[in-house]
Amino acid sequence: MRDREIAVEQQHLDRVYHRLEEKLAEAEFILSDASRKAFVGTPGALAERDAQVYRAGRHLQRLNNEFEDFLFGRIDLQQPDGPEEDGFPSQTPLDPADPAVAETLHIGRLGVLDTEYGPLVIDWRAPAAAPFYRATPLQPGRVVRRRVIRSRGRRVLGVEDDLLRPDLEPVLDGEPLAVVGDGALMATLGRARSHTMRDIVSSIQQEQDIVIRAQAAGATLVTGGPGTGKTAVALHRAAFLLYQDRRRYAGGILVVSPTPLLVSYTEGVLPALGEEGQVAIRAVGSLVDGVEADSYDSPEAARVKGSSRMVALMRRASRAALDAAGSPAELRVSALGEVLRLDANALRNLRRSILGNGATPINLLRPRARRLLLDALWSLLLRTRPRTGDRVDREQQQRERETFDDHVGDDDRFLAFLDAWWPALTPRRVLATLRDPRQLARQARGSLSQQETRLLAASWRHLDDTGRGSLTAHDVALLDELQVLLGEAARPRAREVDAADLLTGLDEVTTFADRTRRGEREPAERSEYAHVIVDEAQDLTPMQWRMIGRRARQATWTIVGDPAQSSWIDPAEAQAAMDETLGAKPRRRYTLTTNYRNPAEIAEVAARVLAQAAPGTESPRAVRSTGVHPRFVSVAAEAEVGRAARAEVERLLAEVDGTVGIVVPMDRRGEAAGWITGLGERAVALGSLEAKGLEYDATVVADPSGIAGESEAGLRVLYVALTRATQRLTVLSGPLDLPDAAGVPALLHE
Ligand SMILES: Nc1ncnc2c1ncn2[C@@H]1O[C@H](COP(=O)(O)OP(=O)(O)OP(=O)(O)O)[C@@H](O)[C@H]1O
């Protein structure tokens, strides 16, 4: 029966490929026709060609991409009882007792119509496909049978069915409906993992589908324990939004991930869903163009740098940076036969009044600085003149003032003074001023303790004057804050330029293709987005929320996270920052409840840490079990940890087909990389914070109490580390973990 059913699906797939080939030929024709039109050479023909080539190219690219296993599902439906409900096809059958299948739909990554415009394949994101994901035996709606089709290229390899109405004995074309296979989902979950995440388009579960298709307006907040599919759901939601409103979202969706590792792990998912280059996925340390976080802060430094206390500090630091070394103490110019001098005190007062209430970015105040300096010099000049008692000729004075401004304002000495006194500040330069502990203490004015001041200054000690040097994700949020306070730094100019000269009209001469490409292929250049998706949101600090909020002023949001996995020390502070960022936007909340990653045996061990890390939090329900319990290994001396770790990784490499990760405290990353050298690409070593969001076939969690002791959030970080494996887990303890006779460390006792 299985072979017969495979043959049925093969027939359908053949039809689909035939139709796709016709579409490909059409696209190729449009491409070659368009390039012929290019010879016409008129501006009109050029724009038309651009548009055609672009669309045809995209079409080709998508067809080629989606030739791989793009047909994956089928539903057999009963008669509908009426019109659509809530935009989805009716969920309730007309006659619960009618066993006939009235309609069969095939579901794939892309919609394909036959020549009569009948659907051969329905895009998984279309409302008609929703029942494929939503139907359950308890609420089958119209779905009698759900079939997952496994294919590679043009060959159907297998089918797995769920019968949703076992009470019905359904028939299709007069024959009893065949039902073969079991557990398509289980087969997917048991599959070996690689270093890149796969899409879950053929097995999205009901509670996940509801989130993926939720309305975009306002903010969608999703919580759920480890492995419940939050990341997967967030990415599929991006694809769904693009399908639903491409005009609005093409190039306009930003996904913020906690680490570059998680970015590269997830980057392949959207292209596999046919959305190449449409969504910007960026690590939180890469959100500021031209800056890339490449190191980590100690938990203590992170705590200070991430806190909202930094807002005031950055404000003061940016003002004070104007005074940094090299700022001239006096201004001396000669004009109309007089030597005019502004002393340090006068300059200080002047600077204060230029800065005003701080609402205008400092770099943009340079023209104002120039004007007020000239005013002050002019007043000095007037004071040198004898009082005549005559009525001042206002027009004459006006003319004199203009001559004075031209003369002094263009004077090289005056301009050199202005450049030094009101220098163009960059965020990096300002941050670099704070590496000096005395300067930092002055600006922090009691908001940092002595120890915090030392800690921060030390973390920036390696920066040079211009702020070059390694940065952390927390520094990047500070740079973004500074960017707002400073504004764009105009290059110091010898002459102040008429604003009209700045209009280049560049936008007017771009072609249609340029504009489309800019919008669609280079989302990295955007500074604001239409929809922002935050992954691992529990880890964002208040300063990072502010940074992301600036890119989402008009945006709708999807925010996924798990408070129990938070490595941020003060979750309440982060929650308040999120609330402030979202403002009055309406929120809808969802919880995902099933753990698709960890087998029950691993989830059970992780739950022991969860009980200490976040008492009262419920573990998600693990959906499968492997019968293999985690291994506990302990060594008697710290010096033996490395050797034992290597042996465990080797053992696991032999036991699983996919990847093996060893997770250690952040400060043992280097060591751990050494332990596994030469074991090949399937094995990787990770610091505890780097393991966020990733998964491996098997993991070794080494030095658990070291991880738990890293910071006040250490137990939550250990919980993250323990929930990364899809098949096997080894917990490796040293003497400091206080393992019992069975090797179970004290932290993991029941
Ligand atoms: N419906 C599904 N079908 C198949 N696989 C699924 C499904 N849902 C989730 N998975 C798989 O479960 C694993 C965990 O998913 P994901 O990483 O999205 O979870 P998460 O909630 O983000 O986890 P964490 O909080 O630990 O980062 C992934 O391998 C994902 O592909």
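When a ligand or atom number is given, it counts from 1 through the structure's own listing order.
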In a table with atom names and distances, give each donor-acceptor pair under 3.5 Å that connects a side chain of residues 715-726 to protein atoms at least two apart or in another chain.
from: Arg716; atom 1: NE; to: Ser566; atom 2: O; distance (Å): 2.7
from: Arg716; atom 1: NH2; to: Trp568; atom 2: O; distance (Å): 2.9
from: Thr723; atom 1: OG1; to: Tyr719; atom 2: O; distance (Å): 3.0
from: Thr723; atom 1: OG1; to: Val720; atom 2: O; distance (Å): 2.9
from: Arg724; atom 1: NE; to: Val720; atom 2: O; distance (Å): 2.8
from: Arg724; atom 1: NH1; to: Leu694; atom 2: O; distance (Å): 3.0
from: Arg724; atom 1: NH2; to: Gln565; atom 2: OE1; distance (Å): 3.4

Pair Asp76 + Arg74: basic N to acidic O under 4.0 Å: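 A salt bridge links Asp76 with Arg74.
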Around [X], counting heavy atoms of other residues, nucleotides and ligands shown, do more than 12 lie under 6.0 Å from its [atom1]?
X      : atom1 : answer
Arg198 : CZ    : no
Arg587 : CZ    : yes
Gln612 : CD    : yes

Within the protein, residues bringing a heavy atom under 4.0 Å of ligand 1, chain by chain: Leu185, Leu189, Arg193, Met197, Ile200, Ser203, Ile204, Gln205, Gln208, Gly225, Pro226, Gly227, Thr228, Gly229, Lys230, Thr231, Ala232, Glu536, Gln565, Tyr596, Arg597, Gly693, Glu695, Arg724
Parallel, tilted or perpendicular, as decided by the 30° and 60° cut-offs, for the rings of Trp545 and Trp557: tilted
